[in-house]
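In what follows, residues are counted from 1 in the order of the sequence shown.
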Amino acid sequence: YNMPAAAAMSWLTAVLVFLLQLDVVSALPRSMHLEASHGGELQYYTVGYHWMFICPFVFLFFGIFWQEFQRPRMVFADKFCIHQTDPELKQAGIRGIAGFLRHSERLVVLWTGSYFERLWCAYELVSWIY
């Protein structure tokens, strides 16, 4: 599953590193010096080797962790998701808490002294435990 994404990200990294090493940008230093002879004339080239070190790590990173990036992270904050003034909307929101918690991996409670003064907070906690 992760191979196409890892290959694509590694390839994009190689292109980005190449562009950053061009004489126009010169954002990355080039430190490998090559000589080549063309038609009896000796020419000197300076190239970078950063891609040789960066691209394999990018490939491994995305090969291992790509699935983690695919899952959307969702948050349900009851204070913001349950209407606070309209009684009908509040009741509809409270009825949906158990269904939302059923599909949740964890519950984080921001505890205050007034936490149990709101009935839906107690319901929320009991729904999670049950």
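Within the 4.5 Å cutoff, the side chain of L125 has heavy atoms near those of the L107 side chain. When side chains are defined from C-beta on, C81 does not count as touching F100, because their heavy atoms never get closer than 4.5 Å. Using a 4.5 Å heavy-atom cutoff, the side chains of I94 and L119 are not in contact. Within the 4.5 Å cutoff, side-chain heavy atoms of V109 are placed close to those of Y115.
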* Before giving the answer on side chain to side chain contact (heavy atoms under 4.5 Å, CB included), spell out for S10 and F57 the whole-Å C-alpha distance, their side-chain angles and the decisive distance to 0.1 Å. => CA-CA 8 Å; S10 182; F57 289 112; over 6 Å; no
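Atom CG of residue N2 and atom CZ of residue F62 lie 10.5 Å apart, to the nearest 0.5 angstrom. For the atom pair CD1 (I82) and SG (C121), the distance works out to 7.5 Å, reported to the nearest 0.5 Å. Summarising the geometry, atom CD belonging to Q84 is positioned 11.0 Å from atom CG belonging to L89; distances are rounded to the nearest 0.5 Å.
For R95, the side-chain contact (heavy atoms from CB on, under 4.5 Å) partners at least two apart in sequence or on another chain are Q91. With sequence neighbours excluded, the residues that form a ring-ring contact (aromatic ring centres under 6.0 Å, His included) with F116 are W111. Applying the side-chain contact (heavy atoms from CB on, under 4.5 Å) test to S114 and every residue at least two apart in sequence or in another chain returns T112, E117, R118. Considering only residues two or more places apart in sequence or on other chains, A8 meets the side-chain contact (heavy atoms from CB on, under 4.5 Å) condition with none of them. Applying the ring-ring contact (aromatic ring centres under 6.0 Å, His included) test to F59 and every residue at least two apart in sequence or in another chain returns nothing. Residues satisfying the ring-ring contact (aromatic ring centres under 6.0 Å, His included) test with F65, not counting sequence neighbours, are F61.
Both I64 and W11 sit in one connected hydrophobic cluster of ILVMFWY residues. Membership requires side-chain heavy atoms under 4.5 Å apart, directly or through other members. Hydrophobic clustering, with ILVMFWY side chains joined whenever heavy atoms are under 4.5 angstrom apart, groups V58 together with L12.
Atom CD of E88 has 12 or fewer neighbouring heavy atoms from other residues, nucleotides or ligands inside a 6.0 Å radius. Other residues, nucleotides and ligands place no more than 12 heavy atoms under 6.0 Å from the CG atom of L110.
When every heavy atom of L101 is checked against every heavy atom of E124, the shortest pair comes out as CD1-O, 3.3 Å.
For the pair S127 (side chain) and Y123 (backbone), a donor-acceptor distance under 3.5 Å is present.
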